[in-house]
There are 2 protein chains.
Amino acid sequence: MANVAIVGSGFIGRAWAISFARAGHDVRMWDQSPTATGGARDYIAGVLGDLAANDLLRGQQAGEVLDRISVVAELEEALAGAVHIQENTPENLEVKRKVFSLIDTLADPQTVIASSTSALLPSKFTDHLQGRQRCLVVHPINPPYLIPAAEIVPAPWTSAETVERTRAFLVDAGHAPLDMQHELDGFIMNRLQGALLEEAFRLVADGYASVEDVDIGIRDGLALRWSFMGPFETIDLNAPGGVRDYVERYQGIYSNIFPQTQRRVDWAGKVIDTVEADRRKRLPQQSLGDRQVWRDRRLMALAAHKRKSDQEFGE
Amino acid sequence: MANVAIVGSGFIGRAWAISFARAGHDVRMWDQSPTATGGARDYIAGVLGDLAANDLLRGQQAGEVLDRISVVAELEEALAGAVHIQENTPENLEVKRKVFSLIDTLADPQTVIASSTSALLPSKFTDHLQGRQRCLVVHPINPPYLIPAAEIVPAPWTSAETVERTRAFLVDAGHAPLDMQHELDGFIMNRLQGALLEEAFRLVADGYASVEDVDIGIRDGLALRWSFMGPFETIDLNAPGGVRDYVERYQGIYSNIFPQTQRRVDWAGKVIDTVEADRRKRLPQQSLGDRQVWRDRRLMALAAHKRKSDQEFGE
């Protein structure tokens, strides 16, 4: 197994540390703020206990995995000998540019440098680097130790070898990489989520549906099939002759709707009062934290179910 | 329990029959083509066996439920004494208008008449009826005995009492109704699905993502949380202060993307060659049927998992 460096020890950095250590790597975490790393190992120990209870540690004990994670005082120490560096600093372009300059100077020339950014294109903060061909984005959905999908986003100058090594590294750690061919605002997942949310906010703003109707339509409807097939396989199986047959039969429904979706509702306008009132009626503000714990428990149970179903019925 | 009539014995009619009979109702199916109903009970018996094996029959034996389903030769016989009529004829406006005229003439004045249509607005085929106030759409996602969501879509003249009785009837049968306030093309679920598919086809057509990347991003990414929370609750839990905080922090990402989504890609154009080639590489045409069986098994296992998780962790 290899050395992996985590730069930035917030929730995303900690989550990546868990995923990479579970895969057998020695993980060294560094943060510019020593206070930030203070509670990191305790937090990680708690999560590892939950994962062990759900048999989501590849048969390992929580302690074994925890032993592979260390917090180090110097950035150089974290980077030394690493095959992969995962950067998790704030979503601020100037910060990213400085951090990437520093890492590119200090890291071995063969090391891949990946950013967890969800909002910034890799070309915007790696253009000035000598080692820019080994830089890219690896964007997770939180928490990556429970949600396998991770987006690989190259800058125009990222080498094919860097992409290939990153892909293999992620697959080995149990991730399901999405390989973007070129960088694009929002990458793939936030663009898909955004398209769905735009329609959801429009339906609520226009009075056709309640917030809860939208959530029911997804959680008790569309997302059941999507959660093990995805949207293309879903439509491929929804017409006798497959996806081409589906498009021939049903595209008319969607192309009729399309012109009605060309108007954006400001999510922060009047509609947010409706959305917030509905959500706070179902979940008081002070219960948000408890509900996040509930979400992660349900995600763990779902991850365990999916693994079992993959084994029983095939992927 | 009550009498329920199913008009049209294709896959959707049969699926509703299973759902309503499982809830304890006596279900009478009728089809204008006697050959269409021929295999219906055998087909239903097979599904009921699978549901029993997954403990999805409310503790009943498959035979008990099957005994509540009968195929009748005359429409009058199906409708007599029914509290709810579910219509499942072809998606053709003239057919629907004629069938609804006939049913409205024959059915008791108190009976609710619901159409399973996914594509036609209820005002288009009930405007001419004397009993139009008791007509509406109840649109399922197939198969409704595994997917709880069902859209209730009123015409402008549908009475509030009709909507309320339909809602109670569906909830009692284990469904999760979405209450549309007014009819609208595509209802709620197909509009949400369409918004996501439009972006998916654009990403593939423009060469940013493969078909499989999109499916991974949903099935191994976004749809995991969506499958038990829905998209609004997901974003409500994705910022420390809840949904308003999320909108304040992240709307900028989505509003930047919005202008790039104002161009529709013809799904039946060049992109369908790419989509079909990718799908057929992963799943040959002759395996579509087997994969549909796989999908339904996975849906059953997921339904059983969700019920268990609802009990263990709360909904």
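Each chain gets a letter, A, B and so on, in the order the sequences are listed, and its residues count up from 1.
Judged purely by atom type and a 3.5 angstrom limit, B/Q285 uses its side chain to pair as donor or acceptor with the backbone of A/G241. Counting only distance, with no hydrogens or angles, the side chain of B/D220 and the backbone of A/A176 share no donor-acceptor pair below 3.5 Å.
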Evaluation steps, side-chain contact (heavy atoms from CB on, under 4.5 Å), between A/R225 and B/R298: CA-CA 9 Å; A/R225 295 177 304 199; B/R298 292 231 29 169; over 6 Å; no
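Proximity to chain B (any heavy atom under 4.5 Å) is shown, for A/D310, by both the backbone and the side chain. Using a 4.5 Å cut-off between heavy atoms, A/I253 contacts chain B through its side chain alone, with no backbone atom that close. Residue contact with chain A, scored on non-hydrogen atoms closer than 4.5 Å, involves the backbone and the side chain of B/D273 alike. For A/S255, the parts sitting under 4.5 Å from any heavy atom of chain B are the backbone and the side chain alike. Contact annotation for A/L197: only side-chain heavy atoms (C-beta onward) come within less than 4.5 Å of a heavy atom of chain B. A/Y250 does not touch chain B: none of its heavy atoms, backbone or side chain, sits under 4.5 Å away. Heavy atoms of B/K306 lying under 4.5 Å from chain A belong to its backbone as well as its side chain. For a residue to count as touching a neighbouring chain, one of its non-hydrogen atoms must lie under 4.5 Å from one of that chain's; by this rule B/D266 touches chain A with backbone and side chain alike. For chain A, the nearby parts of B/L237 are the backbone and the side chain; heavy atoms of each come within less than 4.5 Å.
By the 30° and 60° cut-offs, the orientation of the rings of B/F228 relative to A/W294 is perpendicular.
Other residues, nucleotides and ligands contribute over 12 non-hydrogen atoms within 6.0 Å of the CD atom of A/Q292.
Aromatic ring centroids of A/Y246 and B/W267 lie 6.0 Å or more apart.
Of the N and O atoms on the side chains of A/Y254 and B/Q193, at least one donor lies less than 3.5 Å from an acceptor on the other residue.
Contact between A/L178 and B/D213 at its shortest, heavy atoms only, is CD2-O, 3.2 Å.
Electrostatic pairing of B/R282 and A/E233 does not count as a salt bridge here, judged by no charged N lying under 4.0 Å from a carboxylate O. Under the 4.0 Å criterion applied to side-chain N and carboxylate O atoms, A/D236 and B/R291 are not assigned as salt-bridge partners.
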